[in-house]
2 protein chains.
Amino acid sequence: MTELSLNMDEYLPLRDVVFHTLRRAILTGQLKPGERLMEIHLAQKLGVSRTPVREAIHKLELEGLVTMMPRRGAQVAQISEKGLKDVLEVRRALDAFCAELACERITPKEEEELKKACKEFEEAVKIGDPTLIATKDVAFHDIIINSTGNERLISTINNLAEQIYRYRFEYIKDASQRPRLMEEHRTLLDAILNKDLARAGKAARIHIDNQEISILSQIYPEG
Amino acid sequence: MTELSLNMDEYLPLRDVVFHTLRRAILTGQLKPGERLMEIHLAQKLGVSRTPVREAIHKLELEGLVTMMPRRGAQVAQISEKGLKDVLEVRRALDAFCAELACERITPKEEEELKKACKEFEEAVKIGDPTLIATKDVAFHDIIINSTGNERLISTINNLAEQIYRYRFEYIKDASQRPRLMEEHRTLLDAILNKDLARAGKAARIHIDNQEISILSQIYPEG
DNA sequence: ATTCTGTATGTTGTATACAATATTCTTTAA
DNA sequence: TTAAAGAATATTGTATACAACATACAGAAT
């Protein structure tokens, strides 16, 4: 058997192309909460028929980025204050759990990656570009999450993260939060490297707590 | 404005009817893991066109009950030992979290319901009907989960529960496990009524631990 | 006998057509 | 002027048609 892999996996159904396109548009705020998603219009704009658009919208609904009313169509999901708090409450619990698992399961190679990611995050903060900071922040957390080796846990957390992606980005743009963010990353890194379950879990919880406070005060300044 | 609610909500899209039908068939084992789901056949059997069947299958895929290969169709999801362990690991963490939250948030009314559900579970065990036991077991846990008031947490846990429903039922049919199940329910109930967070969380974890051991030894007797 | 190739068949992916319902706008009556 | 009714329009829900691809089988060449 020769090892020609002959990349035959490059086929993507149109529904998935549309799905990724719409998903990105929602997460980046191009499509705003409450905005209606009409099949024909999107189909024409994307140059496909209604079918793949329908299927993409249904997928987005299951992911929680879109809400549908029967016979009335779909719109970009609007998250309520309660909804946001609920998401963050679950995330806090699961992130803390991830941090604890990471202490037990992280490999030496992943430890190096985590140190590197922590450093790169700090450099991104120095540079000050919000998009870069967000990317490096995600990368840092992804290493921790992936080190658990639990795929169900990974996909569950990623789904929760997706729900608040839009709002979290606003939070990262707030420069005054960044020193604290850096400090929290360092604490978390240190706790994991020292296999200190309790401290790692606590650090992860505090990290989300601060996110929650910031995000809520930005979206609901009076509450 | 008169308050005529004029039950106009009884419309259900065909895709949802098909979805619920297939879902039930999978959860009850009528459709077995690995079995192919072919659109035309299902459509003919259910007396609808391919479209709603397609959409239902996609929904099932997102719920994790069905796996799809592009251009090759769908089949009932098969869970691996690793997949089962992953699901149970997340459930353990979230169930424990629910139990702790329940201590803080359960209302007096829900406390009464929980006591009643615990009693009814014990009666079901006395009667010995597996289906009834399973129903009462779900009812007991649902009260705890719902008492958290966190809808995201509720739906996340319900999705995880769905993944292992088929296997859990086998576990409940094993009569030797039932006394322990009863004991665990009583411990959990007592801890919640006494607002003992630590004990409630621990009880929930042990409850899942035992499920895991039983289920795994039934499905993978050698492992 | 085995492998390759071509054909026939089956299945999914996408587009389109039609039906049922929502929405909007216009007209009419008070 | 406002409210109600009805027609016109827009949009979703479902069915079907057709194309692209996958699979299975038969026959030919080695």
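A, B, ... follow the sequence lines: proteins, then strands. Residue 1 opens every chain.
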- Check whether any side-chain nitrogen or oxygen of Ser49(A) sits under 4.0 Å from OP1 or OP2 of dA15(C), and answer yes or no. yes
- Whole angstrom is fine here: how far is it from CZ in Arg72(A) over to P in dG13(D)? 11 Å
- Round to a whole Å and report the spacing from CZ of Arg36(B) to C1' of dA24(D). 12 Å
- Nearest-Å distance, OH (Tyr11(B)) to P (dT11(D))? 18 Å
- Query: Would you call Glu170(B)-Lys173(B) a salt bridge at under 4.0 Å N-O?
  - Reply: yes
- Query: Toward the 5' end of DNA chain D, which comes first, Thr51(A) or Ala74(A), by nearest nucleotide?
  - Reply: Ala74(A)
- Atom-to-atom span, CE of Met69(B) to P of dT11(C) - whole angstrom: 17 Å
- Within this structure, what is the CD-to-P distance between Glu39(B) and dT14(D), rounded to whole angstrom? 15 Å
- Task: Give the ring-plane orientation class for His185(B) versus Phe140(B), where under 30° counts as parallel, over 60° as perpendicular and anything between as tilted.
- Result: parallel
- Item | Pairwise side-chain contact, Thr156(B) with Arg152(B), heavy-atom cut-off 4.5 Å (strictly under) | yes
- Salt bridge or not for Lys82(B) and Asp86(B), using N-O below 4.0 Å? yes
- Please check the phosphate of dT12(C) (OP1 and OP2 only) for any side-chain N or O of Arg54(B) closer than 4.0 Å. no
- Query: Please give, in whole Å, the distance from dT16(D) P to Gln44(B) CD?
  - Reply: 11 Å
- Rounded to whole angstroms, how far apart are CE on Met68(B) and P on dA22(D)? 14 Å
- Answer yes or no: does a side-chain N or O of Arg71(B) lie under 4.0 Å from OP1 or OP2 of dT11(C)? no
- Message: Heavy-atom nearest nucleotide on DNA chain C for Met38(B) versus Pro52(A): which residue maps closer to 5'?
- Response: Met38(B)
- Choosing from dT14(D), dT11(D), dT12(C), which nucleotide comes nearest the side chain of His41(A)? dT11(D)
- Charged N-O contact under 4.0 Å between Lys116(A) and Glu113(A): no
- Atom CG of Leu14(A) to atom P of dT12(C): distance rounded to whole Å? 18 Å
- Query: When you match Arg50(B) and Glu55(B) each to their closest nucleotide on DNA chain D, which lands nearer the 5' end?
  - Reply: Glu55(B)
- Query: At under 4.0 Å between heavy atoms, what does Ile57(A) touch on the DNA or RNA strands: base, sugar-phosphate, or nothing?
  - Reply: nothing
